[in-house]
Amino acid sequence: MEHVELKNKTVLVTGAAGFIGANLVKRLLKEIPSATVIGIDSVNDYYDVRLKEYRLEKLEMYENFTFIKGNIADKSLVQSLFEKYRPAVVVNLAAQAGVRYSITNPDVYIESNIVGFFNILEACRNYPVAHLVYASSSSVYGSNKKVPYSTDDKVDNPVSLYAATKKSNELMAHAYSKLYNIPTTGLRFFTVYGPAGRPDMAYFGFTNKLVNGETIKIFNYGNCKRDFTYVDDIVEGVLRVMQGAPERKNGEDGLPIPPYAVYNIGNNQPENLLDFVQILSEELVRAGVLPQDYDFEAHKELVPMQPGDVPVTYADTDALERDYGFKPNTSLREGLRKFAQWYREFYQ
């Protein structure tokens with residue numbers, strides 16, 4: 001592994017108004033004040049733009065942060081950013097997210113996740129970088145029966161277009177690592193949650209519905225398990241990975257051995273959706289979002305699976321721990337408590 005210095009360097013973060021992106025940028029600005037951070041985001045209205053604006057507002061106070069509103073699917077824009085700022089490290093978090101949305105709106109996934117990612121790779125080729133870190137997803141495991149999911153598993157059976165685009169990112173990165181000796185690391189994120197998160201995620205939607213006295217649907221009759229990972233743990237993992245790039249070395253044929261790696265970032269501890277919702281409702285009551293006498297039982301309905309969904313996600317995180325000395329450790333209750341407190345402040 002090659003150490004990548006972030007001090008006095010320029011870092012480009014795509015998807016900087018996004019949930020993980022904004023949290024990462026904030027951490028970079030706070031902890032490495034000598035770094036210059038360039039953020040780009042299209043600030044689209046896939047979900048409540050106020051949340052994206054709220055996240056960006058928290059970053060405005062830092063002088064070493066520059067925000068550009070734009071789409072990474074715009075090739076000339078991406079090239080001009082690299083030309084102007086010459087980033088040493090790129091973290092690509094810009095993507096059209098969501099499994100269910102990809103069933104009804106496939107076009108935006110190809111634009112953002114395939115064309116956009118290709119533009120980033122091309123720019124990294126033309127303006128060499130020390131490390132490209134990019135978001136993959138636990139969805140690439142499809143309906144793999146073997147758990148926990150290991151990055152050594154075969155992942156050739158995506159069950160949604162979203163998953164297929166994320167797998168494509170890994171394949172494209174591998175080709176560019178091999179051809180142009182670009183150090184790339186893909187991170188397969190497992191169900192990220194926390195304050196100011198994505199409203200299309202289950203825990204957020206559940207909260208909105210409970211607050212409005214609606215009934216929440218729990219898929220697969222409550223037998224879904226998710227490896228819920230608190231956003232601060234994800235950011236810590238990304239920050240460490242950024243600073244350790246796959247080593248560049250040549251093989252016996254004198255050509256580069258691709259400096260390419262893929263890791264899982266998850267909690268390594270899948271939680272049953274029913275238990276998750278139980279803890280969430282308790283924490284919402286504790287934070288004063290829901291009344292003390294809230295009848296949770298009356299507001300839940302167990303329903304069958306949805307297309308594109310998988311029954312369980314479970315990360316094998318041994319490799320991340322071995323190479324970066326890191327393992328997510330925020331408990332579900334602690335993470336949901338912070339979310340509930342934020343929700344009350346933001347919405348109530």
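The analysis underlying the following values was restricted to heavy atoms, covering all of them including side chains, and did not include hydrogens, waters or symmetry mates. Heads up: numbering here begins at 1 and tracks the sequence.
A donor-acceptor contact under 3.5 angstrom links the side chains of Tyr263 and Asp323, judged on distance only. Under 3.5 Å, the side chains of Glu111 and Asn71 contain a donor-acceptor pair of N or O atoms. Asp74 and Ser76 share a side-chain donor-acceptor pair at under 3.5 Å.
As a member of the Ile/Leu/Val/Met/Phe/Trp/Tyr network built from side-chain separations under 4.5 Å, Leu255 groups with nothing else and remains a singleton. Grouping Ile, Leu, Val, Met, Phe, Trp and Tyr residues whose side-chain heavy atoms lie under 4.5 Å apart, directly or via other members, places Val312 in a hydrophobic cluster with Val140, Tyr141, Val147, Tyr149, Val155, Phe190, Tyr314.
For Tyr176, the ring-ring contact (aromatic ring centres under 6.0 Å, His included) partners two or more places apart in sequence, or in a different chain, are Tyr180. Remark: Lys30 engages Lys26, Tyr62 in a side chain to side chain contact (heavy atoms under 4.5 Å, CB included) (not counting sequence neighbours). For Thr330, the side chain to side chain contact (heavy atoms under 4.5 Å, CB included) criterion is met by Tyr230, Asp233, Glu334, not counting sequence neighbours. Remark: Phe189 pairs with no residue by the ring-ring contact (aromatic ring centres under 6.0 Å, His included) rule, at least two apart or across chains. Residues satisfying the side chain to side chain donor-acceptor pair (under 3.5 Å) test with Gln269, not counting sequence neighbours, are none. By the salt bridge (Lys or Arg N to Asp or Glu O under 4.0 Å) test, Arg322 is found to be paired with no residue, residues two or more places apart in sequence or in another chain being considered. Taking Phe206 as the reference, nothing meets the ring-ring contact (aromatic ring centres under 6.0 Å, His included) condition, with sequence neighbours excluded. For Asp295, the side chain to side chain contact (heavy atoms under 4.5 Å, CB included) partners at least two apart in sequence or on another chain are Glu297, Ala298. For the side chain to side chain contact (heavy atoms under 4.5 Å, CB included) test, no residue two or more places apart in sequence or in another chain qualifies with Ala175. Residues meeting the ring-ring contact (aromatic ring centres under 6.0 Å, His included) test with Tyr46, sequence neighbours left out: Tyr101.
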Evaluate salt bridge (charged side-chain N to carboxylate O under 4.0 Å, His left out) for Glu5 paired with Lys9, printing each intermediate quantity in order.
CA-CA 7 Å; Glu5 188 57 68; Lys9 294 283 192 282; over 6 Å; no
Quick one, Arg333 with Glu283, criterion salt bridge (charged side-chain N to carboxylate O under 4.0 Å, His left out). Give me CA distance, side-chain angles, the key distance, then yes/no.
CA-CA 8 Å; Arg333 189 168 291 279; Glu283 290 304 325; 2.9 Å; yes
Side chain to side chain contact (heavy atoms under 4.5 Å, CB included) assessment of Arg226 paired with Glu271:
CA-CA 5 Å; Arg226 288 288 177 268; Glu271 308 275 353; over 6 Å; no
Evaluate Val11 against Leu28 for side chain to side chain contact (heavy atoms under 4.5 Å, CB included), listing each step before the verdict.
CA-CA 9 Å; Val11 178; Leu28 281 167; 4.1 Å; yes
Candidate pair Ile218 and Glu301, rule side chain to side chain contact (heavy atoms under 4.5 Å, CB included), full reasoning
CA-CA 6 Å; Ile218 300 173; Glu301 181 191 351; over 6 Å; no
As a quick check of understanding, evaluate side chain to side chain contact (heavy atoms under 4.5 Å, CB included) for Asp153 and Thr151, giving each step before the final call.
CA-CA 5 Å; Asp153 298 341; Thr151 47; over 6 Å; no
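No more than 12 heavy atoms of other residues, nucleotides or ligands lie within 6.0 Å of NZ in Lys209, so this atom counts as exposed by the packing criterion. Around atom CZ of Arg248, more than 12 heavy atoms belonging to other residues, nucleotides or ligands sit under 6.0 Å away.
Atom CD1 of residue Ile110 and atom CG of residue Asn105 lie 12.5 Å apart, to the nearest 0.5 angstrom. Going from atom CG of Leu280 over to atom CD of Gln278 covers 9.5 Å, rounded to the nearest 0.5 Å.
Considering only heavy atoms from C-beta on, Asn92 stays 4.5 Å or farther from Val133 through its side chain. Taking the side chain as every heavy atom from C-beta outward, Leu274 and Leu302 approach each other to under 4.5 Å.
Taking the ring centroids of Phe339 and Tyr193, they lie at or beyond the 6.0 Å cut-off.
Using a 4.0 Å cut-off between a side-chain N of Lys or Arg and a carboxylate O of Asp or Glu, Asp41 and Lys52 do not qualify as a salt bridge.
Using cut-offs of 30° and 60° for the angle between ring planes, the Phe346 and Trp342 rings count as parallel.
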